[in-house]
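Take a look at the structure below.
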Amino acid sequence: MDGRTPVSAVRRVQELAVNGFDPPAAYIVKDSGTGPVVDTLLSVPVIDLSILTSSSTSSKEKEEEMEKLRSALVSWGLFQVVGHGIPIELLDDVREVAKEFFDLSMAEKKRVSGVSEDGTVDDLEGYGADSIFTKDHVLDWADRLYLLVKPQDQRKLKYWPQKPNNFRELLHEYSTKSSMVAETIVKKMTELLGLEENHFISLYGDQAIEYARFNYYPPCSRPDLVYGIKAHTDGGGITMLLQDKEVEGLQVLKDGQWIKVPILPHALVVNIADQMEIMSNGIFKSPMHRAVTNSEKERMSLVIFYSLHYNDEIEPASALINETTPRLFRKVTVRDYLSVFYPNYLKGERAIGWAKV
Ligand SMILES: O=C(O)CCC(=O)C(=O)O
Ligand SMILES: [Fe+2]
């Protein structure tokens, strides 16, 4: 990473938003604006995880829920999960503490920033906004707090806010509980693919990588011209997202149409990411998704990314490859994949083509 001085690295979108002026050119989308979301009868699948985990549900119910999960993974790559077992109070508390963090003064927030005062991006972790690698990528209307959560001994606590004072504890607790949910879901995915139970274990084992990203989207006077986060797929294995409790914004691309992901206040949104698309030989889809802003209300989301370790090699499971379903992807290291992924992500393009055979 070189040390150029991008406007967004010095200023935060929150600072740009307070004056209510039109967004600067660097944030404005180049095509014809953010465009309409099609009204459709299609609705994002909702999976009740408790049906799959409880000993008191019948095998018929379990089969039906597994079938729903299979169809969600194959045709959407994104679904909402209820019955996940994370206490509602914890979800509310972690959202609240994150909101309190973004409400702190700019000086206080910048104490946990990976960006120096002169705008040099020292570290992608910490409080920051989009980092600029190329001049031509359009900036997102968002500020972020990005923290490595696992492996635990690699946490950079200097970027973990000490204010609000229960922030660290709540993030730790939330991420521990959400890892367990991720583990359950990944095991069910393994079962659906007919693979050996531990096939994807490195997604949540000791060496797995887990990042938390708090996205803060200030209101924008021209939501028709900017994205909170531009269309992208995620680069990890799977992603778990806690939406704002009141303000919508997330959309997923399904069969060429952008579809809103409605708010279910205590559900988690789970999406497949690129590593899993590769390992499942394209059976599970890593969907394009994006978030839009609005002119009245700030919005926040908390996203946890689960990735294999950088040194791991990923490739389609051999049991999924045969004469009728040929191998779609090469063997690549996670490190190489992510190094191709990131510049593409910033440009709003998919990287997965690079890993195709
Ligand atoms: O804020 C959202 O709803 C989407 C965030 C997201 O997709 C991401 O951080 O990768
Ligand atoms: Fe995402």
Side-chain angles (χ1 to χ4, degrees), residues 13-14 34 37 44 76-81 91 94-95 98-99 101-102 124-131 137-149 171 174-175 178 182 209-220 223 226-254 258-277 284-294 297-307 338 341-342 344-352:
V13 174
Q14 196 171 13
T34 55
V37 178
V44 174
W76 288 80
L78 182 146
F79 50 96
Q80 310 228 41
V81 175
L91 302 181
V94 75
R95 273 192 281 233
K99 193 176 172 317
F101 168 77
F102 288 107
L124 291 177
E125 270 194 65
Y127 175 62
D130 252 357
S131 351
H137 87 257
V138 178
L139 299 180
D140 291 338
W141 194 256
D143 295 330
R144 306 197 167 105
L145 174 63
Y146 189 48
L147 300 169
L148 179 118
V149 180
L171 176 57
Y174 173 73
S175 76
S178 56
I209 294 178
E210 185 179 322
Y211 274 98
R213 175 154 76 193
F214 297 82
N215 295 300
Y216 174 77
Y217 307 100
C220 181
V226 306
Y227 286 117
I229 185 166
K230 66 181 91 53
H232 66 283
T233 60
D234 295 334
I238 70 165
T239 302
M240 202 174 282
L241 185 148
L242 182 62
Q243 285 217 73
D244 194 289
K245 215 170 152 180
E246 282 153 20
V247 184
E248 272 185 354
L250 178 62
Q251 301 174 351
V252 60
L253 190 63
K254 161 97 166 87
W258 285 102
I259 295 175
K260 283 185 193 173
V261 182
I263 295 174
L264 294 180
H266 298 112
L268 297 166
V269 178
V270 172
N271 70 267
I272 294 298
D274 289 0
Q275 293 169 20
M276 184 57 84
E277 179 163 335
F284 296 157
K285 302 288 181 311
S286 167
M288 287 293 253
H289 54 286
R290 66 185 188 189
V292 293
T293 61
N294 70 82
K297 291 190 175 142
E298 60 187 10
R299 174 173 180 269
M300 229 203 52
S301 62
L302 166 53
V303 186
I304 307 260
F305 300 102
Y306 300 91
S307 164
L338 292 177
F341 172 82
Y342 200 59
N344 277 285
Y345 166 84
L346 289 175
K347 281 188 276 170
E349 286 166 18
R350 283 209 76 180
I352 206 159

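Just so you know, residue 1 is the first one in the sequence shown, and it goes up from there. Both ligands and their constituent atoms are indexed starting at 1 by order of listing.
The I229 neighbourhood of ligand 1 comprises atoms 6 (C), 8 (C), 9 (O), 10 (O), with distances under 4.0 Å to a heavy atom of that residue. Of all atoms in ligand 1, listed by their number and element, those nearer than 4.0 Å to a heavy atom of F305 are 9 (O), 10 (O). The ligand atoms of ligand 1 that sit less than 4.0 angstrom from a heavy atom of D234 are 10 (O). Atoms of ligand 1 found under 4.0 Å from any heavy atom of L241, numbered from 1 in the order shown, are 2 (C), 3 (O), 4 (C), 5 (C). Residue L250 has at least one heavy-atom neighbour below 4.0 Å for each of these atoms of ligand 1: 3 (O), 4 (C). Near Y217, with a cut-off below 4.0 Å to any heavy atom, the atoms of ligand 1 are 1 (O), 2 (C), 4 (C), 5 (C).
Using a 4.5 Å heavy-atom threshold, the side chains of V247 and E298 count as separate. Inter-residue side-chain proximity for Y146 and V303 is flagged as unmet; no heavy-atom pair is nearer than 4.5 Å. Looking only at side-chain heavy atoms (C-beta outward), L302 and L241 stay at 4.5 Å or farther from each other.
The two residues C220 and W141 make their nearest non-hydrogen contact at CB-NE1, 3.3 Å. Residues G228 and A142 come closest through the heavy atom pair O-CB, 3.5 Å. Nearest heavy-atom pair across R299 and Q243 is NH2-OE1, 2.9 Å.
Ring planes of Y127 and F102: tilted class, angle from 30 to 60°.
Distances from atom 9 (O) of ligand 1 to the heavy atoms of R213, Q251, E248 show the closest one on R213.
Close to ligand 1: R299, with a non-hydrogen atom less than 4.0 angstrom away. At least one heavy atom of H289 sits closer than 4.0 Å to an atom of ligand 1. Assignment of R290 to the shell around ligand 1 is not supported, since no heavy atom sits closer than 4.0 Å.
With a 4.0 Å cut-off on non-hydrogen atoms, T239 does not touch ligand 1 at all.
Its N, O or S atom nearest to the Fe ion (ligand 2) is what matters here, and for H289 that atom is NE2.
Under the 3.5 Å distance criterion, the side-chain polar atoms of E125 are matched with a main-chain donor or acceptor of L148.
Rounded to 10°, the angle that NE2 of H232 and OD1 of D234 form at the Fe ion (ligand 2) is 90°.
Test D274, N271, T239 against T233 for side-chain hydrogen bond (donor to acceptor under 3.5 Å, both in side chains) and you get one pass: D274.
At a 3.5 angstrom cut-off on N or O pairs, Q243 does not count as close to ligand 1.
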